[in-house]
Amino acid sequence: MTNATFSHDDVRLDLPLVPASQGNNGYDIAKLLGATGDTTLDVGFANTASCCSAITFIDGDAGILRYRGYPIEQLAEQTTFLEVAYLVLYGELPTQTQLDEFSASIAKYHVIDERMREMFRTMPRKSHPMPVLSASINALSTFAVSRYGEDAFDLDRATHILLGSVPTLAAYGYKNSVGQPFLYADETLSYIENFLRMSFGLPTGPYPFDDDITRALDVLLILHADHEQNCSTSTVRMVGSSGANIYVSIAAGVSALSGPLHGGANQAVLEMLKGIRDEGGDVHSYINKVKDRKDTTKLMGFGHRIYKNYDPRAAIVKKHADSILRTRSGTQDELLDLALQLEDAALSDPYFQERKLYPNVDFYTGLIYQAMGFPQNMFTVLFALGRLPGWIAHWREQFTDPATKINRPRQVYVGEVERPFVPIDQRG
Ligand code: SDX
């Protein structure tokens with residue numbers, strides 16, 4: 001591995017190699033603009049590394065995903081979400097004692113400031129829960145400071161406040177939308193059980209837990225815990241790079257995740273499947289619409305910037321979808337069958353094969369979330385709950401990296417060159 005050389009006209013410039021421990025190396029172009037007066041252009045940063053990171057490794061061609069070196073398949077099968085959150089945040093799998101202390105510290109923050117509960121009642125019931133979640137995390141930063149002062153920004157305290165309070169904020173956003181009372185967390189319950197009970201429980205009696213559902217949600221959150229420099233994580237880093245605090249940086253990440261090309265895709269997949277069902281269930285005519293160049297229809301839940309193979313998370317979700325949905329009758333079965341037919345039709349179609357379009361993490365998750373009882377507009381909130389440790393870990397990694405600079409990309413200006421002002425009475 002050696003440095004690259006850039007040569008153009010009379011300029012020859014060494015681009016220092018930045019070696020990766022695995023995957024793509026980097027070439028440092030920091031001196032290119034100064035040496036040439038020109039910049040690089042990479043729309044959507046599809047080929048540009050924004051940072052060095054030790055948290056997650058993805059090999060898109062091989063369909064590999066590892067958190068801190070551990071394969072996602074092993075983590076999904078053998079750990080819990082809080083164990084994975086600890087791994088993503090601190091770099092090592094916790095001992096039982098470390099996990100117990102971590103979980104106990106987070107549980108303290110399941111109960112939020114009483115005045116925050118009232119804040120939800122000011123939100124229109126029909127609000128989409130993602131802007132409500134983003135707004136409530138922004139508010140969390142003010143309530144945390146009012147309660148803990150500057151300690152609210154202590155990295156571990158802020159980490160535990162976010163991991164403890166965000167599930168409560170998510171559940172209360174949902175409760176407000178259905179006009180039901182808010183429940184306090186129950187310290188005898190696990191992290192996942194508390195979220196399910198605060199979302200669906202009522203003060204009139206015990207919540208009937210379903211262990212399969214609880215475990216399936218645990219696994220789904222594990223699968224979403226991190227994914228290197230995706231759009232929302234890059235947003236968290238971008239906002240944090242200005243010195244903005246971790247709470248408002250995470251709130252910005254929630255906003256980025258809400259887009260249908262990113263985390264909003266899990267909701268869009270259900271809408272797509274229901275649309276195909278309501279039009280008679282002909283997956284091949286839908287596929288033909290997607291392939292029609294004049295039509296902007298996309299096969300939601302398919303394709304990925306990095307994975308040019310099957311998203312390893314989708315394979316795990318598909319297995320859980322099959323076991324959860326097959327044991328429950330009703331429309332989910334019908335929609336699962338449609339999803340399976342759609343996948344088969346796409347994977348055998350040259351349009352998708354040539355573009356290396358495979359199911360991504362969002363293709364099957366919505367079917368499970370719906371079977372759990374969540375409405376479609378809550379699916380991306382569940383994605384955010386999973387991604388929370390990854391967002392926090394990247395914010396911390398950037399915050400503690402001495403090489404960090406405020407993110408300020410350049411541009412290629414293609415507008416008007418200088419021209420004289422024209423007074424308004426001489427225009428037109
Ligand atoms: C997530 O980055 C991450 O890691 C994200 C994520 C995470 O964990 O954080 O993995 C989560 O966001 C998963 C992706 C969820 N989004 C969707 O399912 C929406 C549908 N997918 C597409 O919009 C698209 O595949 C993207 C946005 C995911 C990726 O787009 P790219 O990498 O910019 O690829 P592209 O748009 O340049 O597409 C290349 C070609 C184009 O065709 P041509 O112009 O070459 O003829 O593939 C086509 C696209 O039209 N294409 C699709 C398609 N995705 C790409 N055609 C139909 N259906 C699709 N879904």
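Just so it is clear, the structure is predicted and the values come from calculations on it, not from any experiment. Counting starts at 1 for both ligands and their atoms, following the listed order.
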Which residue from [options] reaches closest to [atom] through any of its heavy atoms?
| atom | options | value |
| --- | --- | --- |
| atom 16 (N) of ligand 1 | Thr56, Leu261, Ile306, Thr297 | Leu261 |
| atom 7 (C) of ligand 1 | His224, Arg387, Gln229 | Arg387 |
| atom 51 (N) of ligand 1 | Ile58, Asn360, Leu357, Asp226 | Leu357 |
| atom 29 (C) of ligand 1 | Lys298, His262, Arg305 | Arg305 |

Inset, instruction - Record the part of Arg293 in heavy-atom contact with ligand 1 below 4.0 Å; permitted values are side chain, backbone, both and neither. - result: side chain
Nearest protein heavy atom under 4.0 Å from [atom], yes or no:
| atom | value |
| --- | --- |
| atom 26 (C) of ligand 1 | no |
| atom 13 (C) of ligand 1 | yes |
| atom 43 (P) of ligand 1 | yes |
| atom 37 (O) of ligand 1 | no |

Inset, instruction - Kindly say whether the aromatic ring centers of Tyr174 and Phe200 come within a distance under 6.0 Å. - result: yes
Inset, instruction - Step through it carefully: locate the ring centre of Tyr191, locate the ring centre of His110, and say whether they are under 6.0 Å apart. - result: yes
Inset, instruction - Please determine if Phe302 has a nitrogen or oxygen closer than 3.5 Å to a nitrogen or oxygen of ligand 1. - result: yes
Inset, instruction - Using the ring of Tyr70 (Phe, Tyr or Trp, six-membered ring only), decide whether Arg68 places NZ or CZ under 6.0 Å from its centre and within 45 degrees of its axis. - result: no
Enumerate, atom names and distances included, each donor-acceptor pair closer than 3.5 Å involving a side-chain atom of residues 379-388, sequence neighbours excluded.
{"residue": "Thr380", "atom": "OG1", "partner": "Gly263", "partner atom": "O", "Å": "3.1"}
{"residue": "Thr380", "atom": "OG1", "partner": "Asn266", "partner atom": "OD1", "Å": "3.1"}
{"residue": "Arg387", "atom": "NE", "partner": "His224", "partner atom": "O", "Å": "2.6"}
{"residue": "Arg387", "atom": "NH1", "partner": "Asn230", "partner atom": "OD1", "Å": "3.4"}
{"residue": "Arg387", "atom": "NH2", "partner": "His224", "partner atom": "O", "Å": "3.3"}

Legend entry - Which of the ligand 1 atoms, numbered from 1, are nearer than 4.0 Å to a heavy atom of Gly301: 17 (C), 18 (O)
Inset, instruction - Mark up the atoms of ligand 1 that fall under 4.0 Å of a heavy atom belonging to Ala265, in ascending order. - result: 15 (C), 16 (N), 17 (C), 18 (O)
Inset, instruction - Could you tell me which residues satisfy side-chain contact (heavy atoms from CB on, under 4.5 Å) with Glu101, sequence neighbours excluded, listed by chain and number? - result: Thr97
Inset, instruction - Verify the neighbour count for atom CG of Asn24: are there more than 12 heavy atoms of other residues, nucleotides or ligands below 6.0 Å? - result: no
Legend entry - salt_bridge(Lys319, Asp322) N-O dist < 4.0 Å: no
